[in-house]
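Ligands are counted one by one from 1 in listed order, and the atoms in each one are counted from 1 as well. Positions are given from 1, in the same order as the sequence printed here.
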Amino acid sequence: MTVRTRIAPSPTGDPHVGTAYIALFNLCFAKQHGGQFILRIEDTDQTRSSSESEEDIFKALRWLGIEWDEGPDVGGPHAPYRQSERKHMYRDYAETLVKNGHAFYCFRTPEELDAIREARTEAGLSTGIKGDLELPEEEVQRKLAANEPYVIRLKVPEEGVCVLQDKLRGTIEIEWSQVDAQILLKSDGMPTYHLANVVDDHLMEITHVIRGEEWISSAPKHQLLYKYFGWEMPELCHMPLLRNPDKSKLSKRKNPTSINFYERMGYMPEAVLNFLGRMGWSMPQEQEKFSLQEMIDNFDISRVSLGGPIFDVEKLSWLNGLWIRENLTPDTFVERVTQWVTTNTQWNALVPHVQSRVNTFSDIAPILNFMLAGMLPLKPEDFSHNKIDESQVKRVLQFTLWRLEAQRQWTKDNIFADIKFICGAMGLKMGDFMQPIFVAIAGTPNSWSIMDSMAVLGPDMTRARLRAALDLLGGFSKKETKKVEKEYQEISK
Ligand code: GLU
């Protein structure tokens, strides 16, 4: 048997360090066994998926040095590797399950579903709805003939226990009463994650599914699907979730989670990969610094420990320092730094602002300082404002941050439109509104074009600086956050 592993990211949002972490472990496992590592794009949620995000995933993984044997951009024997291009295939599988009595057409409206759920809660039953949804055959036929919209749902046992094997966790037991009659095919004909994921893993001959522990609750449904289709199920291995230093689930509110941010900060890809390899795993002699090849050579998945691995940026910086000092010669150091500076100062965009402001070349240093810096050394006083109070200043930063977090096309014009929108919605004068933004991004209220700066700094560094500014001013308490979120929804309408 050839070992075949995969990652199956959904291209929504920024390329996440969690995706790279799971990719790394899949890659090591496959390579250690002389097998193949596949990248599949799960873009069945067409409203949330974007091709920019897909490109970002490819670019970020490649920057780290992670390569795949098969995938949407490299092809392979099981192409296409993008689910949106495979969507015609899934319906037949769902229909086959209906024919064999393992799935059923469901015509319930959301209101009916709510009513059923409520009735079940009142009767002290679990809220996992199943049999209540099925209709007598004649009625199903009548509704189908009348072209009523429907979904196809999986039949799930009412009671008993689902027993799963996990390479790291051993036997996992989940009560069937906890498991819903999962939708497999949506009313628009698109498959859900569960159906597409199982069908593709089977067709792509995946032997081991190594993924984050947040997918454990999906495993019973997947096991049923394999059984109903009569297919062999891949071995499961659910990796521990990455955590913030306070042990909460890694989130961008507490830690930058986009791989691009770490590139922008000037980390070495080798060090980031090394750091991800240390998430829950260690080398046989506990050596802290190792390359991808060393990790593959020494890999043993059973040495993954389940205690939540902490994504501690300080630790990463320390490790990165080791890599810089021990692995770069003076020549390669210069090469890397030059390349980093070139990538991160897009001269074409900057020249108009810089050239007009300097008398000597050395004058560029103070002008470009904040463009090359990581986080800026600011103090709360830097944000004191003579027109608007601190709670307004915080709103300016927070609303702008939220608006820019949703911006998928990072161009100067779009950033400007977002800022103008928030400024208008808050009813502030542009000058007053922009002051805290200038300070957060450039460290001073009188820098050159902040829109150009943000465009060149990129989404990750821009958002990280806005977030840091907000944190510096104390952010919002839990209670305030609710209120501020409401205000934001109000003005975003
Ligand atoms: N599309 C899922 C994700 O976004 C894949 C989960 C899995 O590996 O099964 O991570």
Chemist: For ligand 1, which atoms have a heavy atom of N197 less than 4.0 angstrom away?
Modeler: 7 (C), 9 (O)
Chemist: What protein heavy atom sits nearest atom 2 (C) of ligand 1, and how far away is it?
Modeler: A8 O, 3.3 Å
Chemist: Does either side chain, that of E158 or that of S177, offer a donor lying less than 3.5 Å from an acceptor on the other one?
Modeler: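 Short answer, no.
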Chemist: Is the NZ or CZ atom of K394 both under 6.0 Å from the centre of the six-membered ring of F476 and within 45° of that ring's axis?
Modeler: yes
Chemist: Any idea which protein heavy atom is nearest atom 4 (O) of ligand 1, and the distance to it?
Modeler: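 Going by distance alone, atom 4 (O) of ligand 1 is nearest to S10 OG, 3.3 Å.
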Chemist: Would you please indicate if the ring centroids of F29 and H33 are separated by under 6.0 Å?
Modeler: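 So the answer is yes for these two rings.
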Chemist: Hey, is ligand 1 close enough to V209 that some N/O pair sits below 3.5 Å?
Modeler: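 No.
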Chemist: Just need the protein heavy atom nearest to atom 7 (C) of ligand 1, so name the residue and atom and give the distance.
Modeler: R6 NH1, 3.3 Å
Chemist: Do the two ring centres, one from W323 and one from Y267, sit under 6.0 Å apart?
Modeler: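 So the answer is no for these two rings.
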Chemist: Would you mind running through ligand 1 and noting each atom that sits below 4.0 Å from a heavy atom of E42?
Modeler: 1 (N), 2 (C), 5 (C)
Chemist: Can you confirm whether more than 12 heavy atoms, excluding those of E314, are under 6.0 Å from its CD atom?
Modeler: no
Chemist: Which residue supplies the protein heavy atom nearest to atom 9 (O) of ligand 1, what is that atom called, and how far is it?
Modeler: Y193 OH, 2.8 Å
Chemist: State yes or no: are the ring centers of W68 and Y81 separated by less than 6.0 Å?
Modeler: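 Here the rings of Y81 and W68 have centres that are no less than 6.0 Å from each other.
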Chemist: What residue and heavy atom of the protein are closest to atom 10 (O) of ligand 1, and at what distance?
Modeler: W215 CZ2, 3.4 Å
